[in-house]
Enquirer: 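My structure is below; once you've seen it, I'll send some questions.
Excluded from the calculations below are hydrogen atoms, water molecules and symmetry mates; all remaining heavy atoms, backbone and side chain alike, are included. Protein chains get the first letters and strands the later ones, always in sequence-line order, with residue 1 at the start of each.
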Number of protein chains: 2
Amino acid sequence: MEFKEAKNKFVQSWGALGSQWGINKTMAQIHALLMISTEAVSMEDIMEELQISRGNASMNLRALMDWGIVYKEYKPGERKEFFIAEKDLDELAVKIAKERSKREIKPALKVLKEVSTIKTNKTEEEKHFVEQTGKLYDFVLKADNVLDKVTEYKDNWLAKLVIKIMK
Amino acid sequence: MEFKEAKNKFVQSWGALGSQWGINKTMAQIHALLMISTEAVSMEDIMEELQISRGNASMNLRALMDWGIVYKEYKPGERKEFFIAEKDLDELAVKIAKERSKREIKPALKVLKEVSTIKTNKTEEEKHFVEQTGKLYDFVLKADNVLDKVTEYKDNWLAKLVIKIMK
DNA sequence: ATAAACTTTCATCTTTTTTTGAAAGTTTAA
DNA sequence: TTAAACTTTCAAAAAAAGATGAAAGTTTAT
């Protein structure tokens, strides 16, 4: 396999993986592109490489920056903006974990807490509902705490976790 | 909040959470419905409760069974099929972890291995590509191994993990 | 074997998500 | 200022994903 083919395969696959996890394909592709680039890339080049429109590139780059995993960079003398990805994988994992916790897990926990604490549990059905959603709350809360710990460890959390879990 | 409202809120929220993680909304809603049901539910009742068509119910129930988190149940005397969810959360997590590993992580690893082992790394650009995708391969491989361990522990893996990680 | 009671399939329709591109907005240099 | 060089916004178009429902398929009881 030659370089260009490999590069393309990587970008496409990363995009496909992203969409299976609720991340827009183009966003994941841009991220992939930046991950393997040695230097900051201009919007023009991203558009060219992925064959996407200016608007699309702009919006997805903004989203990546909102996630805190892509940064703007200015080159002296150059008027246009360049983009660079967070390349440290531990840092990347932490950022993503933090963000998904904030955006999705926390709101879900809020709902689970609300619905699992209704007072009117007379029937079997209602008792079971309260019990089941309560268990779910505990479970999701624990899982979220693991994400927090990941954030805390920060450097090489995965390696540390692997060592611990492997006993 | 009364029971019916809480139930509806839970089903809707679970559906929304699902779609943020690449799981079709209706599939997640059916799963939510079955999770909180004391007894097996017929397709008819699912259609009625979620206001969806027969075809939709059929296809999503099939998908849930493919994931191994919903089972068919036959009631004596009754001709129609009833459905019941895996209610043990540890078991549920294990099933999902296993399935996503098989369907998504493993294929991604295959691609990462392929592209990170191309031989023609002459330029800086190519060297960096090989290095970066190689790191990604190691990282994803380790993360996937954690999923395997989760499967191995099976009972109360999350609690055990929490204890270990909290030191 | 027949028919009633169900379930599955899939071409087509609907909804949601993503993309486009041109106008509006912003920044910089002169 | 003005205008060139860029970026952002957003209404409209396109693409992708999901839902429908009726016909085909299956199972069971008689």
Enquirer: Among A:Lys106, A:Lys110, A:Lys98, find the residue that satisfies the salt bridge (Lys or Arg N to Asp or Glu O under 4.0 Å) test when tested with A:Asp144.
Expert: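 Testing A:Asp144 for a salt bridge (Lys or Arg N to Asp or Glu O under 4.0 Å) against A:Lys106, A:Lys110, A:Lys98 leaves exactly one candidate, A:Lys106.
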
Enquirer: So, OP1 or OP2 of C:dT19: does either fall under 4.0 Å of a side-chain N or O from A:Thr26?
Expert: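 Yes, A:Thr26 has a side-chain N/O under 4.0 Å of OP1/OP2 on C:dT19.
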
Enquirer: How many whole angstroms separate atom NZ of A:Lys25 from atom P of D:dA14?
Expert: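 Atom-to-atom, A:Lys25 to D:dA14, this comes out as 17 Å.
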
Enquirer: Rounded to whole angstroms, how far apart are CE on B:Met27 and C1' on D:dA19?
Expert: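 My rounded result for the distance is 13 Å.
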
Enquirer: Take the protein atom CE of A:Met59 and the nucleotide atom P of C:dG21, then report the distance between them rounded to whole Å.
Expert: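 Spelled out: CE on A:Met59 to P on C:dG21 is 15 Å.
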
Enquirer: In whole angstroms, how far is the P atom of C:dT7 from the CE atom of B:Met65?
Expert: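 For the pair B:Met65 CE and C:dT7 P, the rounded distance is 11 Å.
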
Enquirer: Kindly check if the number of other-residue, nucleotide or ligand heavy atoms within 6.0 Å of NZ (B:Lys102) is above 12?
Expert: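 It does not: B:Lys102 NZ has 12 such atoms or fewer within range.
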
Enquirer: Would you please confirm or rule out a distance under 4.0 Å between OP1 or OP2 of D:dG18 and any side-chain N or O of B:Asn60?
Expert: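 Answer is no, no contact under 4.0 Å.
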
Enquirer: Write down the distance between CE (B:Met43) and P (D:dT20), rounded to a whole number of angstrom.
Expert: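 Spelled out: CE on B:Met43 to P on D:dT20 is 12 Å.
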
Enquirer: Would you indicate which nucleotide in D:dA4, C:dT7, D:dT7 comes nearest to any side-chain atom of A:Glu81?
Expert: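 Closest of the options to the side chain of A:Glu81: D:dT7.
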
Enquirer: Does a side-chain heavy-atom distance below 4.5 Å link A:Leu141 with A:Tyr137?
Expert: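 Sidechains of A:Tyr137 and A:Leu141: in contact.
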
Enquirer: Give me the residues of residues 49-58 of chain A where at least one heavy atom lies under 4.0 Å from an atom of DNA chain D, by number, or none.
Expert: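 Those residues whose heavy atoms fall under 4.0 Å from DNA chain D, taken from residues 49-58 of chain A in numerical order, are A:Arg54, A:Gly55, A:Ser58.
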
Enquirer: Between atom NZ in A:Lys80 and atom P in C:dT27, what is the gap in whole Å?
Expert: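 Rounded to the whole Å, the gap is 19 Å.
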
Enquirer: Please state how far atom CZ in A:Arg62 lies from atom C1' in D:dC10, giving the value in whole angstrom units.
Expert: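 These atoms are roughly 14 Å apart.
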
Enquirer: Validate the cation-pi geometry between A:Arg100 and B:Trp21: distance from NZ or CZ to the six-membered ring centre under 6.0 Å, angle to the ring axis within 45°.
Expert: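 Yes, a cation-pi geometry.
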
Enquirer: Taking the six-membered ring for Trp and the full ring for Phe, Tyr or His, determine whether the centres of B:Phe129 and A:Phe3 are under 6.0 Å apart.
Expert: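 That pair passes the under 6.0 Å test.
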
Enquirer: Expressed in angstrom and rounded to an integer, what is the separation of B:Asp45 atom CG from C:dT7 atom C1'?
Expert: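 So the two atoms are 16 Å apart, to the nearest Å.
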
Enquirer: State the NZ-CD1 distance between A:Lys25 and A:Ile30, to the nearest 0.5 angstrom.
Expert: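 A:Lys25 NZ to A:Ile30 CD1: 11.5 Å, rounded to 0.5 Å.
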
Enquirer: Taking the side chain of A:Arg79 as heavy atoms from C-beta outward, which of D:dT28, C:dA29, C:dT7 is closest to it?
Expert: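 Of D:dT28, C:dA29, C:dT7, C:dA29 is nearest to the side chain of A:Arg79.
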
Enquirer: Are any of A:Lys72's side-chain N or O atoms less than 4.0 Å away from OP1 or OP2 of D:dT8?
Expert: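 Yes, such a contact exists.
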
Enquirer: Is the count of non-hydrogen atoms from other residues, nucleotides or ligands lying under 6.0 Å from B:Glu99 atom CD greater than 12?
Expert: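 Yes, CD of B:Glu99 has more than 12 neighbouring heavy atoms, counting only those of other groups under 6.0 Å.
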
